[in-house]
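Below is one structure, written out as structure tokens; comments come after it.
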Amino acid sequence: MRKPLLALFLALFLTLVLAACGSTPAPEANNTASDSAPSESIPQTESNGGVLVAYFSATGNTEGVAQQLAGLLSADLYTITPAKPYTEEDLDYTNPNSRSQVEGSDPDARPALAGKALDLTGYDTIFLGYPIWNGQAPKLLSTFLETYDCTGKTIVPFCTSGSSDIGESGTQLAALAGTGDWQTGKRFASAVTQQEVADWVKSLGS
């Protein structure tokens, strides 16, 4: 792992321990289409000069993990927003003609992004979050990585799913990240606790 990332985790070790000791389990995210990602992505002012948590969340599960990560790392938070929001029908994995199924089966699918443009200048580390759809990341993540230059960045993926592991989704996305330093990712269940997130972050610095 790159030295800036290792140094960051070591510096945050005591903070994580204290936060974990006083944490309570996070409420389970509402798994409905109405809990979709915000319509506009607004990057916040840099808080630690080097870490960004960027995520796409269609049902709120990934958003919950992203918010916990941003709080633990004092990182900036950025929502990856689709130009056309996903509806409940779009996310129906039992329907082969639903939007998510059609996009997932098309290697060239690149859903358009919305929201304000993201400036990666000054970020050394990017935590990239997404749900698992049919064993892979939503194609919106492919659009994101082909839109923004991650050269020289350390990228740490994380995902949420009901049962599927992170699988090859990280490897598939890494191929789109240019010369970025892609790290091993982590899958979380929808009812993940802050303790679990804190333990994972702490393990990254070991």
Side-chain angles (χ1 to χ4, degrees), residues 1-31 35 37 44 46-80 120 123-133 135-138 141 144-145 150 153-174 176-177 180-206:
M1 181 167 289
R2 288 154 52 91
K3 290 184 178 179
L5 184 59
L6 176 59
L8 170 67
F9 293 139
L10 292 176
L12 288 170
F13 177 77
L14 291 177
T15 302
L16 291 175
V17 172
L18 291 175
C21 290
S23 66
T24 57
E28 184 169 358
N30 182 15
N31 192 27
D35 191 18
Q44 301 174 3
E46 286 189 49
S47 52
N48 63 19
V51 181
L52 173 71
V53 178
Y55 71 95
F56 164 61
S57 184
T59 64
N61 293 331
T62 306
E63 180 179 46
V65 177
Q67 290 175 340
Q68 291 189 52
L69 276 172
L72 288 168
L73 296 170
S74 297
D76 293 338
L77 196 61
Y78 182 85
T79 306
I80 301 172
L120 294 180
Y123 292 114
D124 296 318
T125 303
I126 302 171
F127 282 80
L128 187 63
Y130 52 91
I132 290 291
W133 292 352
Q136 61 182 323
L141 273 294
F144 177 81
L145 289 172
C150 294
K153 312 293 183 184
T154 296
I155 306 172
V156 188
F158 64 94
C159 67
T160 59
S161 71
S163 58
S164 300
D165 202 349
I166 193 168
E168 297 182 356
S169 66
T171 303
Q172 294 166 350
L173 292 178
L176 304 175
D181 181 12
W182 198 274
Q183 302 293 310
T184 301
K186 172 72 174 179
R187 173 258 177 187
F188 294 99
S190 59
V192 61
T193 66
Q194 187 178 24
Q195 179 68 62
E196 292 174 288
V197 177
D199 287 345
W200 174 58
V201 171
K202 187 170 65 175
S203 72
L204 293 173
S206 61

- Between Thr62 and Thr160, a side-chain donor and acceptor under 3.5 Å: yes
- Where Gln194 and Leu72 come nearest, the two heavy atoms and their spacing: NE2-CD2, 3.9 Å
- Task: Would you name the heavy atoms of Val53 and Ala75 that are closest together and state the gap between them?
- Result: CG2-CB, 4.0 Å
- Item | Atom pair CG/CD1 of Leu145 and Ile155 - distance to nearest 0.5 Å | 6.0 Å
- Where do Phe144 and Tyr78 land on the side-chain contact (heavy atoms from CB on, under 4.5 Å) test, with the steps shown first? CA-CA 12 Å; Phe144 177 81; Tyr78 182 85; 4.2 Å; yes
- Item | Test item: Thr79 and Tyr55 side chains (from C-beta on) under 4.5 Å apart, heavy atoms | yes
- Query: How many angstroms lie between atom CD of Glu196 and atom NZ of Lys186, to the nearest 0.5 angstrom?
  - Reply: 7.5 Å
- Query: Hey, what's the ring geometry for Phe127 with Trp200, parallel, tilted or perpendicular (30° and 60° as the breaks)?
  - Reply: perpendicular
- Message: Looking at every heavy atom in both Pro138 and Pro131, which two are closest together, and how far apart are they?
- Response: CD-O, 3.1 Å
- Task: Assess whether side-chain contact (heavy atoms from CB on, under 4.5 Å) is satisfied between Asp76 and Tyr123, documenting all intermediate values.
- Result: CA-CA 10 Å; Asp76 293 338; Tyr123 292 114; 2.4 Å; yes
- Query: Minimum heavy-atom separation for Gly170 to Tyr130, with atom names?
  - Reply: N-OH, 3.7 Å
- Do Arg187 and Ile132 touch side chain to side chain, with heavy atoms closer than 4.5 Å? no
- Note on the structure: On a heavy-atom basis, the closest approach of Leu141 and Gly129 is CD1-O, 4.4 Å
- Quick one: closest heavy-atom pair of Val197 and Gln68, and the distance? CG2-OE1, 3.8 Å
- Nearest 0.5 Å, what's the CD1-CG distance between Ile80 and Leu128? 5.0 Å
- If you round to the nearest 0.5 Å, how far is CG of Leu73 from CG of Leu52? 11.0 Å
- Query: Could you give the distance from OG1 (Thr125) to CD (Gln183), rounded to the nearest 0.5 Å?
  - Reply: 8.5 Å
- Query: What pairs with Trp182 under ring-ring contact (aromatic ring centres under 6.0 Å, His included), at least two apart in sequence or on another chain?
  - Reply: none
